[in-house]
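Notes to accompany the following structure.
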Amino acid sequence: MTSPQDILQTIFGYPSFRPPQDEIIQTLVDGGDALVLMPTGGGKSLCYQIPALLRTGCGIVISPLIALMKDQVDALRQVGVRASYLNSSLDANMAKRVEEALLAGELDLLYIAPERLNQERTLSLLQRAPIALFAIDEAHCVSQWGHDFRADYLKLSVLHQYFPKIPRIALTATADARTRNEIIHRLDLAKARQFIAGFDRPNIRYRIALKHNAKQQLLRFLKDEHATDAGIIYCLSRKKTEEIAYWLQGQGFHALPYHAGLDAEIRADHQSRFLREESVIVVATIAFGMGIDKPDVRFVVHLDLPKTIESYYQETGRAGRDGEHANAWMVYGLQDVIKLRQMMDNSEGGEEHKRAEQHRLNAMLGLCEITSCRRQVLLNYFGDTLSDPCGNCDNCLEPVNTWDGTEAARMALSAAYRTGQRFGVNHLIDVLLGIETDKIAQCHHHQLPTYGIGKALDNNQWRSVFRQLVARGYLSVDLERFGALRLEEKCRPLLRAEEQIELRRDIKQKVATRLTKTFLPEDIDVALWEVLRECRRELAGEQGIPPYIIFHDRTLQEMCVAVPQTMEEFGELGGVGERKLEKYGPAFLQAINEHLASC
Ligand code: ADP
Ligand code: ZN
């Protein structure tokens, strides 16, 4: 009898389980149910794939992401697992063949869309087939409160009624307590063992820099750290996604726009090029994301501030699903804060709704302005704790200096107050710096006691002060008078000298946080890395599948380090099981040998 460990090694080519994969697998092998909450990239798939191979019959995987089924099935076939899928993309004949294979016991895994599964016909088919287990992927789709609710998921409780003896596993990366309870309740999983792994994505490096010239900063970031990588750049407006994409094309990058206003055909084309080609950058609104299961997205950029930490975490979470180093990089500035504050005020909905939105925006701004570990704040927001600073965010890598901004803050507040709370930040800074402008003359602001009292700081420093005062809720942005800053209740103790305020000292270039060195191991032969990528590209092209289905970056990296010369050595690499060794070992060994000979 083979063990889970044997299958992990011989089929998937990995040396060891990541806890709690082994426990989950054992639970299912023994016939029990499981509820699994694991972050993206944590390794959920093996938790049902391996038990499906160990138990008699076929494992049925219910997934809402039809577009991904083909890739998932391709990946499994690559390692020799007999996998298929049933969804609306198949014609009647193809579907019939899959059904026959299932009945004949010729399948290890079958992916089915939920609406298909709920058909009487499918249920009766499954009753006649040998079934190893049911895996309900993206189980949070049962939650009516979430973004991804699918009515068809509600009906999945029939599984338990029709197949009481067959183990079920529900999996999700969305883990708040309410969603979890809904999953348990609606899918009848009260007796399931729960496996809850933390939210953390340790391989993602969180960085939030001050925006001074967003395009140039972006260009520097891409050139220094991601010259040939695939990534996603999020912008707020459709227009901006196109503008940035075309501009990046002019700079030599393979960048494509994506937003809901583009033709469906163009959208599908851009999405599929992103998945199938290497080094494609998609510049998108938030319309791009759901169902993007590309493992080697090396960076996610935000050029505009997301409205909530939830969106920020979800969007940045699309980076580094393969567990390799990835960057979540954002630039933000005073204008972002003002814009979002205004949008909030403008939004529809009752007072309570607005308050909730304000609260969430404040948390997001807090994350931007925080001077301690970003990951601790992020995890804390989701109810997780991280006892020590992470060492992999900008604040950890390059500690932020703070300064006593009490005096400056008082001057800034006083400038706003004495000008009648009717002016925006630019004018207030002119007042503080004692600049002679027409507006100042017109409004007689040169007669104010605050006129020219702020010459110890420069324009940028004042912007930084105002940004932090707005972000932290001392000043609000007046809608009626475009961008006028108004004092909030919170100012009182500060103005009365009952409170001090520490401000962040903004720095421009963050060299220590760059990721260039860490992604590729030190001292590897970069030329060999390129040779291997080319070899992978060719093999993928021949079969019309994405390169990462041949081997993940990690496996190529290991090749660069170990430089295997024999099939035996090649088989030792992580991600190389028996089938891939046989199928791809010779081609890669040849590429390696030719490269060595040419050196
Ligand atoms: P999830 O579905 O949780 O987002 P996946 O199942 O796609 O994650 O796994 C993410 C990556 O981790 C995949 O590349 C997978 O091959 C790899 N992986 C999973 N388990 C292991 C393991 N035990 N050892 C090494 N790599 C693993
Ligand atoms: Zn940190």
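The structure presented is a predicted model; accordingly, all values stated were derived computationally and were not measured. Just so it is clear, the values below take in all heavy atoms, side chains as well, and ignore hydrogens, waters and symmetry mates. In listed order, ligands and their atoms are each counted from 1.
Within the 4.0 Å heavy-atom shell around ligand 1 one does not find Gly323. Judged by the shortest distance from any of its heavy atoms, Pro39 lies inside the 4.0 Å radius around the atoms of ligand 1. Heavy atoms of Gly574 come nearer than 4.0 angstrom to ligand 1 in no pair at all. Taking a 4.0 Å cut-off on heavy atoms, Met38 fails to register as neighbouring ligand 1.
Here atom 3 (O) of ligand 1 lies nearest to Lys44 when heavy atoms of Lys44, Gln49, Glu324, Arg18 are compared.
Scanning the protein for heavy atoms near atom 22 (C) of ligand 1, the closest one is Ser16 O, 3.7 Å. Atom 9 (O) of ligand 1 has as its closest protein heavy atom Gly43 CA, 3.4 Å. Nearest protein heavy-atom neighbour of atom 1 (P) of ligand 1: Gly41 N, 3.5 Å. Shortest contact from atom 7 (O) of ligand 1 to any protein heavy atom: Ser45 OG, 3.7 Å. For atom 14 (O) of ligand 1, the closest non-hydrogen atom of the protein is His552 CE1, 2.6 Å. In this structure, atom 11 (C) of ligand 1 lies nearest to the protein heavy atom Arg321 O, 3.9 Å. Nearest protein heavy-atom contact of atom 20 (N) of ligand 1 is Gln21 NE2, 2.9 Å.
Neither the backbone nor the side chain of Ala173 comes within 4.0 Å of ligand 1, counting heavy atoms alone. Neither the backbone nor the side chain of Pro295 has any atom closer than 4.0 Å to an atom of ligand 1 (non-hydrogen atoms only). Within the 4.0 Å heavy-atom criterion, the part of Phe17 lying near ligand 1 is the backbone and not the side chain.
Centroid-to-centroid, the aromatic rings of Phe274 and Phe288 come within less than 6.0 Å. A ring-centre distance under 6.0 Å is found for Tyr234 and His302.
Inspection of the Ser143 and Glu182 side chains reveals an N or O donor paired with an N or O acceptor under 3.5 Å.
Within 6.0 Å of the NZ atom in Lys307, the count of heavy atoms belonging to other residues, nucleotides or ligands does not exceed 12.
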From CA spacing to verdict: side-chain hydrogen bond (donor to acceptor under 3.5 Å, both in side chains), Ser157, Asp188: CA-CA 6 Å; Ser157 56; Asp188 214 345; over 6 Å; no

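In terms of N/O distances under 3.5 Å, ligand 1 is approached by Tyr14.
Among Glu502, Arg505, Arg504, the single residue meeting the side chain to side chain donor-acceptor pair (under 3.5 Å) criterion with Thr402 is Glu502. Of the residues Leu76, Leu539, Asp74, Val79, the one that meets the side-chain contact (heavy atoms from CB on, under 4.5 Å) test with Ile549 is Asp74.
Distance check: Ile25 CD1 to Cys47 SG gives 5.5 Å after rounding to the nearest 0.5 Å.
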